[in-house]
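This report refers to the structure that appears directly beneath it.
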Amino acid sequence: MPELPEVETLVRGVRQELVGKSFVSVSFLRADIREPIPTLRLKQILTSQPVHSVTRRGKYMLIHTSQGSMGVHLGMSGKFVLSASSQERLPHTHAVFELVDGRQFRFIDPRRFGRLFSIECEELNEHPFLSKLGVEPLNDDVNLAKHLFQSSRSKSQAVKVFLMDSSVVVGVGNIYASESLWRAKINPHVSAKQLTSKMYTNLARQIIKVLSEAILAGGTTLKDYRNKDGNPGYFQLNLAVYGREAKPCRKCAAMIVKTTQAARSTYQCPICQK
DNA sequence: AACACGCCCTGCGCGC
DNA sequence: TGCGCGCAGGGCGTGT
């Protein structure tokens with residue numbers, strides 16, 4: 001599934017293709033995904049003026065023109081790919097954004113957990129989907145360790161659940177929560193407020209490291225919906241615990257254990273993460 | 001305020 | 001072989 005590193009990679013690619021260019025047409029093949037798509041407003045925003053910037057906030061990609069912005073969330077199964085207009089449309093293509101040269105960005109999302117929405121210029125930072133988001137873990141101006149420590153003082157919930165709370169920190173999904181906790185040798189079930197400042201310093205470092213490595217590993221490409229193996233082309237980071245139930249820990253060879261927290265799978269090493 | 005939980009949705013893997 | 005069930009999960013909304 002698309003995580004922060006993939007969205008970041010996507011944003012960089014889309015930025016390169018789009019900034020300074022206009023869409024000649026925007027069409028929707030269905031009017032809703034999770035909720036109704038503001039189709040008319042998005043057409044107005046995207047076709048009247050060229051794109052002046054493409055940014056990311058958490059796992060949201062934001063495409064800006066002087067008329068407003070489009071927010072894109074890929075949900076669980078979303079893709080935003082660049083195709084030749086002659087290329088056959090894949091099933092579950094919900095929106096098509098056509099460029100002057102005939103190529104088109106296509107929004108494809110089989111499970112429809114994604115989002116396409118409009119943002120007015122004056123509400124960019126007040127939009128309900130964006131205003132409550134926590135800090136960006138990879139932003140240089142953010143002291144992630146300090147932020148996590150301070151925000152966790154009153155939180156009795158498990159640290160893994162705490163890490164996945166996007167109002168605290170964005171972009172740490174189920175995979176990276178497990179991976180960073182394993183790297184930091186912290187038990188995912190421990191209460192967030194029980195961890196010391198020192199532990200959060202280590203944890204923050206591991207979060208930043210694993211996300212950065214994933215970005216370096218290369219996210220999806222814009223043009224190839226499927227890689228040569230027939231996979232959707234998500235980056236291939238070497239995951240240490242996620243999805244490795246009953247397999248040996250890469251540090252101590254103990255069997256990785258899978259549990260459930262907040263209805264999500266958690267993977268941990270019972271020895272390294274006591 | 002904190003937090004648990006339900007819901008949205010389709011593809012896929014598994015068991016019978 | 002084929003079918004049906006259960007799981008996968010981000011994030012918002014609701015209830016306690």
Rounded interatomic separation in angstrom, taking [atom1] from [X] and [atom2] from [N]:
{"X": "A:E3", "N": "C:dG9", "atom1": "CD", "atom2": "P", "result": "10 Å"}
{"X": "A:R34", "N": "B:dC7", "atom1": "CZ", "atom2": "P", "result": "14 Å"}
{"X": "A:Q261", "N": "B:dC5", "atom1": "CD", "atom2": "C1'", "result": "15 Å"}
{"X": "A:K160", "N": "C:dG9", "atom1": "NZ", "atom2": "P", "result": "8 Å"}
{"X": "A:E35", "N": "B:dC9", "atom1": "CD", "atom2": "C1'", "result": "13 Å"}
{"X": "A:L74", "N": "B:dC8", "atom1": "CG", "atom2": "P", "result": "22 Å"}
{"X": "A:E245", "N": "B:dC14", "atom1": "CD", "atom2": "P", "result": "12 Å"}
{"X": "A:F129", "N": "C:dG11", "atom1": "CZ", "atom2": "C1'", "result": "9 Å"}

#### Entry: Dot-bracket encoding per residue of DNA chain C, Watson-Crick/G-U cut-off under 3.5 Å, | denoting interstrand
.|||||||||||||||
Taking [X] first and then [Y], would you say they form a salt bridge - that is, a charged N and a carboxylate O separated by under 4.0 Å?
{"X": "A:R12", "Y": "A:E8", "result": "yes"}
{"X": "A:K59", "Y": "A:E6", "result": "no"}
{"X": "A:R111", "Y": "A:D109", "result": "no"}
{"X": "A:R112", "Y": "A:E35", "result": "no"}

Dump the pairs, protein N or O against N or O of nucleotides 1-4 of chain B, anything under 3.5 Å, distances to one decimal.
unit_1, atom_1, unit_2, atom_2, d
B:dA2, OP1, A:S154, OG, 2.6
B:dC3, OP1, A:S156, N, 2.5
B:dC3, OP1, A:S156, OG, 2.6
B:dC3, OP1, A:Q157, N, 3.1

### Task
Check A:T65 against A:V51 and note the closest heavy-atom contact, atom names and distance.
CG2-CA, 4.1 Å
### Query
Shortest non-hydrogen contact from A:Q206 to A:S180?
CB-O, 3.8 Å
### Query
Taking only residues two or more places apart in sequence, or in another chain, which ones meet A:D101 in a side-chain hydrogen bond (donor to acceptor under 3.5 Å, both in side chains)?
A:R103
### Query
Between A:Y267 and A:R244, is there a cation-pi geometry (under 6.0 Å to ring centre, at most 45° from the normal)?
no
### Query
Quick one: ring pair (Phe, Tyr, Trp, His ring centres under 6.0 Å) pairs with a partner in residues 143-163 of chain A, sequence neighbours left out?
none
### Message
Looking at C:dG9, I'd like to know if its phosphate oxygens (OP1 or OP2) sit under 4.0 Å from a side-chain N or O belonging to A:S265.
### Response
yes
### Message
Is there a side-chain contact between A:H92 and the phosphate of B:dT10, meaning an N or O under 4.0 Å from OP1 or OP2?
### Response
no
### Summary
Regarding the side chain of A:K258, the nearest nucleotide among B:dC8, C:dA8, C:dG9 is C:dA8
### Query
Is it true that a side-chain atom of A:T201 and a backbone atom of A:S197 form a donor plus acceptor pair closer than 3.5 Å?
yes
### Task
Using only heavy-atom distances, decide whether a donor-acceptor pair under 3.5 angstrom links the side-chain of A:R111 to the base of C:dG9.
yes
### Task
Determine the contact category for A:Y60: base if any of its heavy atoms lies under 4.0 Å from a base atom, sugar-phosphate if only primed atoms, P, OP1 or OP2 are that close, otherwise nothing.
sugar-phosphate
### Task
May I ask you to check whether A:F28 and A:F107 place their ring centers less than 6.0 Å from one another?
no
### Query
Are the ring centres of A:H73 and A:F117 closer than 6.0 Å?
no
### Contact residues, residues 112-120 of chain A to DNA chain B [heavy atom, < 4.0 Å]
A:R112, A:F113
### Whether over 12 other heavy atoms sit under 6.0 Å from A:R89 CZ
no
### Query
Is the CD atom of A:Q16 crowded by more than 12 outside heavy atoms at less than 6.0 Å?
no
Collect all protein-nucleotide pairs involving nucleotides 3-6 of chain C in which both atoms are nitrogen or oxygen and the distance is under 3.5 Å.
none

